[in-house]
Amino acid sequence: MDLVSQLRRLPKAELHLHLDGAVRLATAIELARDDGLRLLDEEVKRRMVGPAACLNQAELLTFFDLPISLLQSEASLSRVAGELVEDLAVEHVRYAEIRWAPRLHLERGLSVDEVIGAVASGIARAAGAIRSPVEVGLIVTAMRSHPPAANVELAHRAAAFGPPVVGFDLAGPEAAYPAPPHAAAFFAAADGGLQLTAHAGEVRGPERIREVLDLGVSRIAHGATSADDPALVDEIRARGVTLDLCPTSNVQAALVQSLAAMPVAVLHRAGVSVTISTDDPTVSSTSLSRELADTARAQNLSAAELADIAVNAFGRGFGPIHRRRPLEVKARQAWQEWAAANPSLTGSATAADSKPPMDRQQSR
Ligand SMILES: [Zn+2]
């Protein structure tokens with residue numbers, strides 16, 4: 001059995017996954033038709049699936065324009081949320097955090113509460129319909145480009161909604177918009193009981209990563225460029241902050257030239273808590289199993305190292321620990337058995353000696 005198929009059968013957790021980057025192409029065509037738009041398959045694909053490499057992050061973000069424009073009703077938001085949970089179940093993802101920016105879905109009069117409610121209801125419906133074994137938390141994303149006061153209000157609404165909303169995030173064009181103006185939104189989210197993450201490091205330079213550390217995040221979406229700055233790596237490790245890495249997405253954003261150039265193995269072997277996610281399975285034409293397999297091969301990870309990274313995602317989730325812990329225990333056992341049977345993934349992996357102890361991965 002090939003590696004992708006092997007990994008598909010193992011229980012997985014995914015922490016960095018955008019709703020609007022995960023819309024099925026066939027669904028987009030139907031939603032467009034409901035809006036009176038006749039889009040051909042080829043055009044939808046051209047507008048929603050990014051090339052292997054864009055010019056930069058700004059170009060990558062243009063592939064979200066069409067799906068966001070189609071997700072302006074409760075029905076469409078609920079539908080794609082439910083379909084994403086179905087897709088995760090097929091991938092044997094057992095714990096997932098789905099994120100999206102509610103304020104991008106207000107163009108036709110929905111309120112933030114209605115947007116969050118629609119996504120939550122889609123997830124609940126899928127869970128009921130397919131007896132989904134996927135435990136899902138939602139992360140509400142604030143946009144860097146939006147007014148800080150609007151993001152404070154968003155944080156209040158997200159916190160007031162309660163479960164399944166578990167976290168608060170910041171995303172959007174990083175080069176043009178620094179994080180510090182949104183500090184008040186992060187204080188409000190934390191005050192309301194949400195856990196904090198933020199996108200950073202999709203452009204070069206450590207500054208944007210340091211800025212989000214100052215917001216009090218316990219996870220960073222991306223953050224790979226921290227590897228260029230040993231003092232920053234030390235700080236991330238010392239604070240116990242997790243980097244939710246998305247290798248294919250970073251190649252597409254032209255941050256690195258190839259999967260081999262992503263510092264996944266370097267950061268993991270340096271003792272930094274890392275996880276691997278797809279970011280946007282539609283935009284990046286990938287799945288979590290494929291992402292794990294491609295990254296492991298490109299990085300010469302041993303099976304034990306890949307198992308550590310995969311299981312770490314269960315431990316670092318924002319959802320209630322009593323829901324995640326049983327999943328984590330089962331996943332660790334399955335991954336350890338798989339790793340014992342397949343110690344070397346590439347035939348040339350020699351990293352087993354530098355494998356960090358599993359215990360480090362469990363601590364929060
Ligand atoms: Zn992301």
Side-chain angles (χ1 to χ4, degrees), residues 12-16 95 97 195-202 204-247 250 255-256 259-277 291-292 295-318 321 324-325 328-329 331-332 335-336 338-340 343-346 348-364:
K12 291 174 289 297
E14 178 156 32
L15 302 185
H16 184 171
Y95 178 81
E97 290 177 4
Q195 300 203 57
L196 306 180
T197 182
H199 281 67
E202 282 184 280
R204 283 274 155 204
E207 270 323 295
R208 291 289 185 259
I209 296 175
R210 291 190 192 284
E211 285 173 4
V212 301
L213 286 177
D214 289 343
L215 295 178
V217 300
S218 57
R219 297 193 342 231
I220 292 175
H222 301 300
T225 49
S226 60
D228 300 338
D229 183 333
L232 183 54
V233 170
D234 287 347
E235 190 174 347
I236 289 169
R237 184 179 44 225
R239 291 194 189 202
V241 167
T242 295
L243 304 183
D244 296 320
L245 303 172
C246 304
N250 279 180
L255 193 67
V256 290
L259 291 182
M262 271 293 287
V264 178
V266 166
L267 287 165
H268 175 65
R269 290 168 192 166
V272 174
S273 167
V274 299
T275 70
I276 293 173
S277 297
E291 197 70 14
L292 289 165
T295 303
R297 283 202 202 92
Q299 295 281 311
N300 273 339
L301 294 175
S302 69
E305 286 177 312
L306 182 63
D308 277 349
I309 291 171
V311 175
N312 190 38
F314 286 92
R316 302 294 171 156
F318 287 161
I321 189 137
R324 284 185 294 109
R325 186 50 63 82
E328 182 184 356
V329 169
R332 177 174 294 105
W335 278 88
Q336 285 179 339
W338 168 79
S344 169
L345 300 180
T346 61
S348 59
T350 53
D353 356 298
S354 59
K355 183 176 82 70
M358 205 70 155
D359 286 347
R360 183 183 59 75
Q361 304 288 337
Q362 294 172 32
S363 59
R364 287 207 46 161

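Note: hydrogens, waters and symmetry copies are ignored here, and every other heavy atom, side chains too, is used.
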Problem - Stepwise side chain to side chain contact (heavy atoms under 4.5 Å, CB included) check, Leu306 with Leu345 - result: CA-CA 9 Å; Leu306 182 63; Leu345 300 180; 3.9 Å; yes
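- Using a cut-off of 4.0 Å between Lys/Arg side-chain N and Asp/Glu carboxylate O, Lys12 and Glu291 are scored as not salt-bridged.
- For Asp228, the side chain to side chain contact (heavy atoms under 4.5 Å, CB included) criterion is met by Arg204, Thr225, not counting sequence neighbours.
- At a threshold of 4.5 Å between non-hydrogen side-chain atoms, the residues Leu213 and Ile220 count as touching.
- Rounded to the nearest 0.5 Å, atoms CZ (Phe318) and CG (Leu196) are 7.0 Å apart.
- Residue Arg239 forms a side-chain contact (heavy atoms from CB on, under 4.5 Å) with just one option from Val241, Thr242, Ile236, and that option is Val241.
- Nearest heavy atoms, His222 versus Leu245: O-CD2, 3.5 Å.
- Closest non-hydrogen pair, Thr197 versus Ala221, comes out as OG1-N, 3.8 Å.
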Exercise for the section: I would like to know whether Val311 and Glu328 meet side chain to side chain contact (heavy atoms under 4.5 Å, CB included); could you show each step before the answer? Expected result: CA-CA 7 Å; Val311 175; Glu328 182 184 356; 4.2 Å; yes
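- Closest of all the heavy-atom pairs between Pro263 and Ala227 is CB-CB, 3.5 Å.
- Summarising the geometry of Met262 relative to Ala224, their closest heavy-atom pair is CE-CB, 3.9 Å, with the distance given to 0.1 Å.
- Panel note: side chain His16, backbone Asp244; a donor-acceptor pair is recorded below 3.5 Å.
- No hydrogens or angles considered: nothing links the side chains of Thr275 and Arg316 as a donor-acceptor pair under 3.5 Å.
- Of all non-hydrogen atoms in Ala331 and Phe314, the two that sit nearest each other are CB-CE1, 3.4 Å.
- Rounded to the nearest 0.5 Å, atoms CZ (Arg332) and CG (Asn312) are 9.0 Å apart.
- Glu202 places no side-chain N or O within 3.5 Å of a backbone atom of Asn250 that could act as its donor or acceptor partner.
- Listed here is the closest heavy atom pair of Ser226 and Val233: O-CG2, 3.2 Å.
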Practice task
Tell me, with the steps shown, if Ile309 and Leu301 meet side chain to side chain contact (heavy atoms under 4.5 Å, CB included).
Solution key: CA-CA 10 Å; Ile309 291 171; Leu301 294 175; 4.1 Å; yes
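- In this structure, Leu267 and Leu243 have side chains that are in contact, with non-hydrogen atoms separated by less than 4.5 Å.
- No donor-acceptor pair closer than 3.5 Å links the side chain of Glu305 to the backbone N or O of Ala265.
- Using modelled atom types, one side-chain atom of Arg237 and one backbone atom of Ala270 make a donor-acceptor pair closer than 3.5 Å.
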Practice task
Please lay out, stage by stage, how Tyr95 and Leu15 fare under the test side chain to side chain contact (heavy atoms under 4.5 Å, CB included).
Solution key: CA-CA 8 Å; Tyr95 178 81; Leu15 302 185; 3.7 Å; yes
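- For Arg208, the side-chain hydrogen bond (donor to acceptor under 3.5 Å, both in side chains) partners two or more places apart in sequence, or in a different chain, are Glu211.
- To the nearest 0.5 angstrom, Ser277 atom OG is 9.0 Å from Glu97 atom CD.
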